[in-house]
Amino acid sequence: QVQLVESGGGLVQAGGSLRLSCAASGRTFIRYAMGWFRQAAGKEREFVARISWTGGTTYYADSVKGRFTISRDNAKNTVYLQMNNLKPEDTTVYYCAAGRSQYGSNLYKEYDYWGQGTQVTVSS
């Protein structure tokens, strides 16, 4: 069992930055690929970024590539999402997720555990 708790969301102006954190419980954090997704009201959960067990492999959605960076610190059981040059269309709730595969997936159904979400609001 893995419990995930996100933090770091908030209100920022367009062009600004935020760093989301996701702290995981459990001793097997390194055996989970981690992902970040976002979901607007009435829409399906959207892939943002994912990172492999060791952090050596990362993937990004085209909409955030070059602006967002996913990383993990296995010693701290934490995954991060650094978000730069934020745009109003990035406004929504962001979720972290843990999946048992080595590299994760772009599909939210492939993940086993989810955090409660953190709101990001970007004003224009």
Side-chain angles (χ1 to χ4, degrees):
Q1 189 79 5
V2 176
Q3 293 185 325
L4 304 173
V5 179
E6 300 102 333
S7 61
L11 173 65
V12 65
Q13 288 187 331
S17 298
L18 284 174
R19 188 175 82 155
L20 305 183
S21 299
C22 174
S25 66
R27 295 174 292 177
T28 58
F29 176 73
I30 195 172
R31 291 298 185 186
Y32 289 87
M34 300 298 296
W36 285 97
F37 289 76
R38 59 191 184 185
Q39 186 171 21
K43 294 188 176 181
E44 194 165 272
R45 200 157 288 192
E46 175 191 15
F47 167 74
V48 175
R50 58 184 167 99
I51 189 166
S52 61
W53 289 355
T54 62
T57 303
T58 57
Y59 292 93
Y60 297 91
D62 288 342
S63 58
V64 307
K65 202 172 293 183
R67 300 188 298 124
F68 291 10
T69 302
I70 188 171
S71 62
R72 66 189 294 165
D73 185 338
N74 287 338
K76 295 182 178 179
N77 280 14
T78 302
V79 63
Y80 304 96
L81 186 69
Q82 177 67 43
M83 304 186 296
N84 298 329
N85 190 22
L86 281 160
K87 303 176 181 181
E89 51 263 42
D90 294 319
T91 295
T92 190
V93 179
Y94 285 72
Y95 298 88
C96 72
R100 291 190 178 94
S101 64
Q102 184 174 359
Y103 296 103
S105 170
N106 293 8
L107 303 176
Y108 71 88
K109 296 179 180 179
E110 297 294 320
Y111 290 81
D112 304 289
Y113 302 101
W114 292 86
Q116 82 288 351
T118 185
Q119 175 71 44
V120 170
T121 303
V122 184
S123 64
S124 57

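As a basis for the values below, the full set of heavy atoms in this structure was taken, side chains included, without hydrogen atoms, waters or symmetry mates.
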Partners meeting side chain to side chain contact (heavy atoms under 4.5 Å, CB included) with Phe47 (sequence neighbours left out):
Phe37, Arg50, Tyr59, Ala61, Asn106
Distance col, row Asn85:CG vs Arg67:CZ, nearest 0.5 angstrom, shows 6.0 Å
Which residue in the set Tyr80, Trp36, Phe68 passes side-chain contact (heavy atoms from CB on, under 4.5 Å) when paired with Leu20?
Trp36
Of the non-hydrogen atoms in Ala24 and Val2, which two are nearest, and what is the gap between them?
CB-CG1, 4.2 Å
What distance do Lys87 atom NZ and Ser124 atom OG have between them, rounded to the nearest 0.5 Å?
14.0 Å
Quick one: closest heavy-atom pair of Ser101 and Ala33, and the distance?
O-CB, 3.2 Å
Is Thr92 reaching over with its side chain to a backbone N or O of Gln39, donor-acceptor style, under 3.5 angstrom?
yes
Search all heavy atoms of Gly35 against all heavy atoms of Tyr111 and return the closest pair with its distance.
N-CE2, 3.9 Å
Which of these, Glu44, Glu89, Glu46, Glu6, sits in a salt bridge (charged side-chain N to carboxylate O under 4.0 Å, His left out) with Arg38?
Glu46
Examine distances only and state if a side-chain atom of Asp90 and a backbone atom of Val120 form a donor-acceptor pair shorter than 3.5 Å.
no
Using the rule that two of Ile, Leu, Val, Met, Phe, Trp, Tyr join whenever any of their side-chain heavy atoms come within less than 4.5 Å, decide whether Ile51 and Leu81 are in one cluster.
yes
With hydrophobic residues grouped by side-chain heavy-atom distances under 4.5 Å, do Tyr95 and Ile70 end up in a single group?
no
Is it true that, when you exclude Gln116 itself, more than 12 heavy atoms of the residues, nucleotides or ligands shown sit nearer than 6.0 Å to its CD?
yes
Report whether Tyr60 and Met83 are members of the same hydrophobic cluster (ILVMFWY, side-chain heavy atoms less than 4.5 Å apart, transitive linking).
yes
Main-chain N/O of Lys109 paired with Arg45 side-chain donor or acceptor, under 3.5 Å:
no
At their closest point, which heavy atom of Cys22 faces which heavy atom of Leu4, and how far apart are they?
SG-CB, 3.8 Å
Tell me whether Trp114 contacts the main-chain N or O of Ala97 through its side chain, where contact means a donor paired with an acceptor under 3.5 Å.
no
Between the main-chain N or O of Ser52 and the side-chain N or O of Thr57, is there a donor-acceptor pair closer than 3.5 Å?
no
Take the angle between the ring planes of Tyr113 and Tyr32 and call it parallel below 30°, perpendicular above 60°, tilted in between.
perpendicular
Is a side-chain N or O of Thr118 found less than 3.5 angstrom from the main chain of Ser7, in a donor-acceptor match?
no
If only atom types and distance count, is the side chain of Arg72 paired as donor or acceptor with the main-chain N or O of Gly55 below 3.5 Å?
no
Considering non-hydrogen atoms only, spot the tightest contact between Asn77 and Asn74 and give its length.
OD1-O, 3.2 Å
Is any side-chain N of the basic residue among Asp62 and Lys65 closer than 4.0 Å to the acidic one's carboxylate O?
yes
Shortest non-hydrogen contact between Thr91 and Val122, atoms and distance:
OG1-N, 2.8 Å
Out of curiosity, does Leu86 fall in the hydrophobic cluster containing Val93 (side-chain heavy atoms, cut-off under 4.5 Å, transitive links)?
no
OG1 (Thr58) and OH (Tyr103) are apart, to the nearest 0.5 Å, by 12.0 Å
To the nearest 0.5 Å, what is the distance between CE on Met34 and OG1 on Thr78?
9.0 Å
